[in-house]
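Shown next, in structure tokens, is the structure this report addresses.
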Number of protein chains: 2
Amino acid sequence: MSANSRLTIAAHALTWIGLYQRRGHEVATSEQIATSVNTNPVVIRRLLGELSKVGLAVSRRGAGAGWMLARDLAAITLLDVYQAIEPGPVFALHRATPDPECVVGHGIGPAMAAVYDDVEAALRRELAKTTLEDVLRDVLKAA
Amino acid sequence: MSANSRLTIAAHALTWIGLYQRRGHEVATSEQIATSVNTNPVVIRRLLGELSKVGLAVSRRGAGAGWMLARDLAAITLLDVYQAIEPGPVFALHRATPDPECVVGHGIGPAMAAVYDDVEAALRRELAKTTLEDVLRDVLKAA
DNA sequence: CCTTGACGTAACCATTATTGTTACATTGAT
DNA sequence: ATCAATGTAACAATAATGGTTACGTCAAGG
């Protein structure tokens with residue numbers, strides 16, 4: 001599976017902003033975050049742009065611009081982040097429609113879809129258990 | 001996420017073989033399966049090849065060649081199939097190592113890895129709940 | 001022993017998602 | 001008016017998936 005690191009980067013960015021703000025700073029720039037993540041600032045701006053659309057982050061423009069959290073770290077779960085940035089499901093059905101004349105080809109789609117729904121629900125339940133506050137606590141504990 | 005349909009196709013193929021065998025046939029050809037799945041026979045052979053490596057399917061060569069199940073449908077869970085064909089994890093950590101001088105950059109990897117382990121475990125638990133026998137029952141019920 | 005049907009596999013290509021990068025218009029406090 | 005940083009377009013590189021063609025290999029049955 002094309003493992004993607006979008007959730008990792010998004011959680012990293014938000015956690016970084018949260019810690020930075022707790023240390024007394026107003027806003028964090030995409031360049032600062034990109035340095036910690038070790039990537040390009042545009043990657044950060046793109047991700048935070050998606051997060052701002054769903055009300056997890058807020059950006060300021062002009063002089064003294066940068067990013068802030070829209071809510072406290074404790075009020076953001078990994079599920080919130082996941083839903084903001086993950087478009088498609090983990091598993092897909094057939095690319096081309098299976099043979100509808102075949103019993104299996106006809107019934108396999110709904111059967112698998114039901115399973116996939118349960119799997120996605122379990123995945124979401126698990127992601128909902130962890131807040132970014134939890135993540136930050138683990139991060140500081142490891143230091 | 002690059003939603004992939006490999007699990008769907010694999011479950012479809014195995015279920016098809018299982019039903020075909022119950023109807024009294026010895027072996028199923030990749031061409032027959034491909035017709036039901038609506039794809040190319042090579043795609044089926046590639047997938048079943050991976051499944052045979054972990055002991056879920058068996059192939060015969062020569063004249064009268066084709067595929068058989070290595071175990072009954074009731075003894076194959078979707079987790080078995082998933083583990084045979086899914087190489088990587090659903091979520092990945094950073095592509096490039098984050099800044100180790102940064103508190104967050106240093107601790108975020110292990111923190112997220114722990115969460116991802118729990119998520120994968122939940123996903124596997126869910127897939128283990130369904131056997132191909134269950135899938136076939138749903139398929140026949142829909143007919 | 002040789003024909004034959006299907007497997008096993010390599011080699012491409014097309015499509016898509018993700019990530020990295022450059023470039024530039026826009027914003028808004030100072 | 002300046003200027004730092006956002007918002008966004010555009011493009012390349014990489015990788016995974018899936019479709020296709022081609023061909024060597026195998027073994028049952030004539």
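Throughout, a chain's letter reflects where its sequence line sits, starting with A, and its residues are numbered from 1.
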Has the side chain of Arg60(B) got a donor or acceptor atom sitting under 3.5 Å from an opposite partner on the base of dG5(C)? no
Judged by each residue's nearest nucleotide on DNA chain C, which is more toward the 5′ side, Arg46(B) or Gly66(B)? Gly66(B)
What is the distance, to the nearest angstrom, from the CD1 atom on Ile33(B) to the P atom on dG8(C)? 11 Å
Report the residue (Asn38(A) or Ala65(B)) whose heavy-atom-nearest nucleotide on DNA chain C is the more 5′ of the two. Ala65(B)
What is the ring orientation for Tyr20(B) with His25(B), classed by angle as parallel under 30°, tilted 30 to 60°, or perpendicular over 60°? parallel
May I ask you to evaluate whether Asn40(B) reaches the phosphate of dT20(D), defined as a side-chain N or O under 4.0 Å from OP1 or OP2? yes
Whichever of Gly49(A) and Ile9(B) has its nearest DNA chain D nucleotide further upstream toward 5': Gly49(A)
Phosphate oxygens OP1/OP2 of dA5(D): is one of them under 4.0 Å from a side-chain N or O of Thr29(A)? no
Would you kindly check whether a donor in the side chain of Arg45(A) faces an acceptor in the base of dG7(D), or vice versa, at under 3.5 angstrom? yes
Side-chain N or O of Ser5(A) versus OP1/OP2 of dT18(C): is the shortest distance under 4.0 Å? no
Interatomic spacing from CD1 in Ile9(B) to CD1 in Ile33(B) - rounded to 0.5 Å: 11.5 Å
Atom CH2 of Trp67(B) and atom C1' of dC7(C) are separated, to the nearest Å, by 7 Å
Rounded to the nearest angstrom, tell me the gap between atom CG in Leu7(B) and atom C1' in dG18(D). 16 Å
Would you say Ser59(A) places a side-chain N or O within less than 4.0 Å of OP1 or OP2 belonging to dG7(D)? yes
How many whole angstroms separate atom CD of Glu50(B) from atom P of dT17(D)? 9 Å
Per the side chain to side chain contact (heavy atoms under 4.5 Å, CB included) rule, which among Leu78(B), Thr77(B), Ile76(B) passes with Thr131(B)? Thr77(B)
Rounded to the nearest angstrom, tell me the gap between atom CZ in Arg95(B) and atom C1' in dA17(C). 10 Å
Please work out if Ala63(A) contacts a base, only the sugar-phosphate, or nothing of the nucleic acid, heavy-atom cut-off 4.0 Å. base
Hydrophobic cluster membership, Val43(B) vs Val81(B), 4.5 Å side-chain cutoff: no
Figure out the CD/C1' separation between Glu26(A) and dA29(C), and round it to whole Å. 13 Å
Do the rings of His94(A) and His12(B) sit parallel, tilted or perpendicular, given the 30° and 60° boundaries? perpendicular
Using OP1 and OP2 only, check whether a side-chain N or O of Ser30(B) sits under 4.0 Å from dC7(C). yes
Under-3.5 Å donor-acceptor pair between Arg61(B) side chain and dT25(D) base: yes
Figure out the CD/P separation between Glu31(B) and dT4(C), and round it to whole Å. 18 Å
Can you check the Ile44(B) CD1 to dT17(D) P distance for me, whole Å? 16 Å
